[in-house]
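Shown next, in structure tokens, is the structure this report addresses.
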2 protein chains.
Amino acid sequence: MTTTLRERRKQQTSREIRLAAIELCFEEGFENVTTEAISARSGVSQRTFFNYFPNKEAAIIARPPPFPDDVVADFVNGSGTFLEDLEALVIAHLGQLEEDREIIRTLRNLIEMHPVLRAAHDASMRLLLAELSGFFARRSPDTDPVVMEMLASAVVMAIGGIIRSIDQDETPFAARVDEVFVRLRTMVDVVSQPPVAMG
Amino acid sequence: MTTTLRERRKQQTSREIRLAAIELCFEEGFENVTTEAISARSGVSQRTFFNYFPNKEAAIIARPPPFPDDVVADFVNGSGTFLEDLEALVIAHLGQLEEDREIIRTLRNLIEMHPVLRAAHDASMRLLLAELSGFFARRSPDTDPVVMEMLASAVVMAIGGIIRSIDQDETPFAARVDEVFVRLRTMVDVVSQPPVAMG
DNA sequence: TGTCATGTTTGCACCGTAGGCAAGTTCTGC
DNA sequence: GCAGAACTTGCCTACGGTGCAAACATGACA
């Protein structure tokens, strides 16, 4: 039994701290929120706050959950084309984001406005990028790893494009995978543009 | 006359602070360097340090100089293919990095090791990315801007690939532009992989 | 149920980062 | 040389973040 009372409590406390942090940011603006205030609202001591999170940002920007192992395995050992197999991977990721849809909506502006949050968010995007390009490299170990990073960063950007349009499009994220692939193909077209101008 | 004594002094002070910061990091490790020590070594008060830089990281990670206007104009109004015109832009950028070659070598490890520096560096990369994708969008205003971000991020990654191999390859950066384009084409190949497996 | 080991929270003390303010110093234009 | 702008500095305050040891809660087991 791994889900002991202790662990559940910890989960709970962690969630309470995060919630308090986000609410306070929303009410007072990120700059004006202190770790002391967050601790107070979530009913723990400031010292405990720092047992859970290394800093204020970390309480607000959660790192995205890792990709499920089976989905990764399917991609890495996939027998279709790169894009075909990539689709399931991206859908899995978008699906997980769906749960956080409301939080994403709330945090988007906060992130836009505060360099510190932006940095924390960047760091979490960088992890995603590394994870993805790792999968790519495992799938085709002979391809230049830098190329895999390039491709992964393009995919991450494409996903970002979908997320950023959350306010203009209510469609569930996963139903919008196509946009990623349309964009990848458009990108290819730009790069492969024939030597003679097309008017 | 814009290059007044005052401005030169400011430049000078700024450079002295940066130098002191980098030297100290090299001698004592980033974590063990305080803004107080940096200020002391560069002969200013701690208060003045904060007049110049918002924080320790900013003194260490300089943002790359902007692209020269004429190079940008040539790219934006260029009449060749996308890749052909892109070349001059990338060469200009690599050329500017050449001047910092030694600093880059010194700072690389520091950045790898310290999340705070990494974050500062990411932020400066993000500016580069935004600048580049802005140029791309101005050149072809009808193309989906998200695609331009994807492409720009791939190019930035490719440039990063060159910089990261600074220790394995002494060739001047600008002489290695080709690697960027080879990699862009490889990336296109991966994405455009024909539907039937190629063994 | 009692008790012991382990894990978690807390208070406290301490250092470093960062900014506001006002007084002092240096530079610029006239 | 002088008035005013720009810059530097010291002082004061607040927040961020960590180490430590005491207090407390929990799980295991008799």
Side-chain angles (χ1 to χ4, degrees), chain A residues 1-22 24-25 27-61 110 113-121 123, chain B residues 1-22 24-25 27-61 110 113-121 123:
Chain A
M1 199 51 45
T2 36
T3 168
T4 158
L5 170 59
R6 247 175 205 166
E7 290 186 31
R8 268 173 286 140
R9 254 210 213 294
K10 271 200 100 154
Q11 281 294 329
Q12 179 65 10
T13 307
S14 167
R15 227 178 296 121
E16 275 165 15
I17 296 177
R18 290 205 61 209
L19 190 65
I22 293 174
L24 278 170
C25 272
E27 290 167 24
E28 327 248 329
F30 176 74
E31 314 280 36
N32 306 318
V33 175
T34 66
T35 56
E36 213 175 342
I38 298 173
S39 314
R41 172 169 311 202
S42 48
V44 299
S45 75
Q46 193 191 23
R47 197 64 195 74
T48 297
F49 175 93
F50 284 109
N51 287 345
Y52 279 84
F53 302 99
N55 48 49
K56 208 166 48 156
E57 306 86 84
I60 294 165
I61 308 285
L110 245 37
M113 282 189 289
H114 299 292
V116 206
L117 286 180
R118 159 65 56 91
H121 183 252
Chain B
M1 198 52 44
T2 36
T3 168
T4 158
L5 170 61
R6 240 173 213 171
E7 289 186 32
R8 268 173 287 139
R9 253 210 214 293
K10 270 199 99 154
Q11 280 295 328
Q12 179 65 11
T13 308
S14 167
R15 228 178 294 122
E16 276 164 13
I17 296 177
R18 290 204 62 208
L19 190 66
I22 293 173
L24 279 170
C25 273
E27 291 167 20
E28 327 249 329
F30 177 73
E31 313 280 34
N32 307 317
V33 174
T34 66
T35 56
E36 213 175 344
I38 298 172
S39 314
R41 173 170 312 204
S42 49
V44 298
S45 75
Q46 193 190 28
R47 198 64 195 73
T48 297
F49 174 93
F50 284 108
N51 288 344
Y52 278 83
F53 300 99
N55 49 50
K56 209 167 45 159
E57 307 86 84
I60 294 166
I61 308 285
L110 245 38
M113 281 188 290
H114 299 292
V116 205
L117 287 180
R118 159 65 58 90
H121 183 251

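Per chain, numbering begins at 1; letters A, B, ... match sequence-line order.
We find that CZ of Phe50(B) is positioned 18 Å from P of dC21(C), with the value rounded to whole Å.
For the OP1/OP2 pair of dG16(C) and a distance below 4.0 Å, the side-chain nitrogens and oxygens of Thr34(B) include no atom meeting the criterion. Proximity of Thr35(B) to the phosphate of dT17(C): a side-chain N or O atom is located under 4.0 Å from OP1 or OP2. For the pair Thr48(A) and dT10(C), the criterion of a side-chain N or O lying under 4.0 Å from OP1 or OP2 is met. For dT9(C), the OP1/OP2 oxygens have a side-chain nitrogen or oxygen of Tyr52(A) closer than 4.0 Å. The side chain of Arg9(A) places no N or O atom within less than 4.0 Å of a non-bridging phosphate oxygen (OP1 or OP2) of dA25(D).
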Under the criterion side-chain contact (heavy atoms from CB on, under 4.5 Å), I'd like the reasoning laid out for Ser14(A) against Phe53(A): C-alpha separation, chi angles, the key distance, then a yes or no. CA-CA 9 Å; Ser14(A) 167; Phe53(A) 302 99; 3.8 Å; yes
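Using a 4.0 Å heavy-atom cutoff across all strands shown, Phe49(A) reaches no nucleic acid atom at all. Residue contacts shown for Val116(B) are absent, as no nucleic acid heavy atom lies under 4.0 Å away.
Looking only at distances, a side-chain donor or acceptor of Lys56(A) sits under 3.5 Å from a matching main-chain atom of Phe30(A).
Taking each heavy atom of Gln46(B) and Thr35(B) in turn, the nearest pair found is NE2-OG1, 3.0 Å.
Closest-nucleotide positions on DNA chain C for Asn55(B) and Asn51(A) were compared, and the one nearer the 5' end corresponds to Asn51(A).
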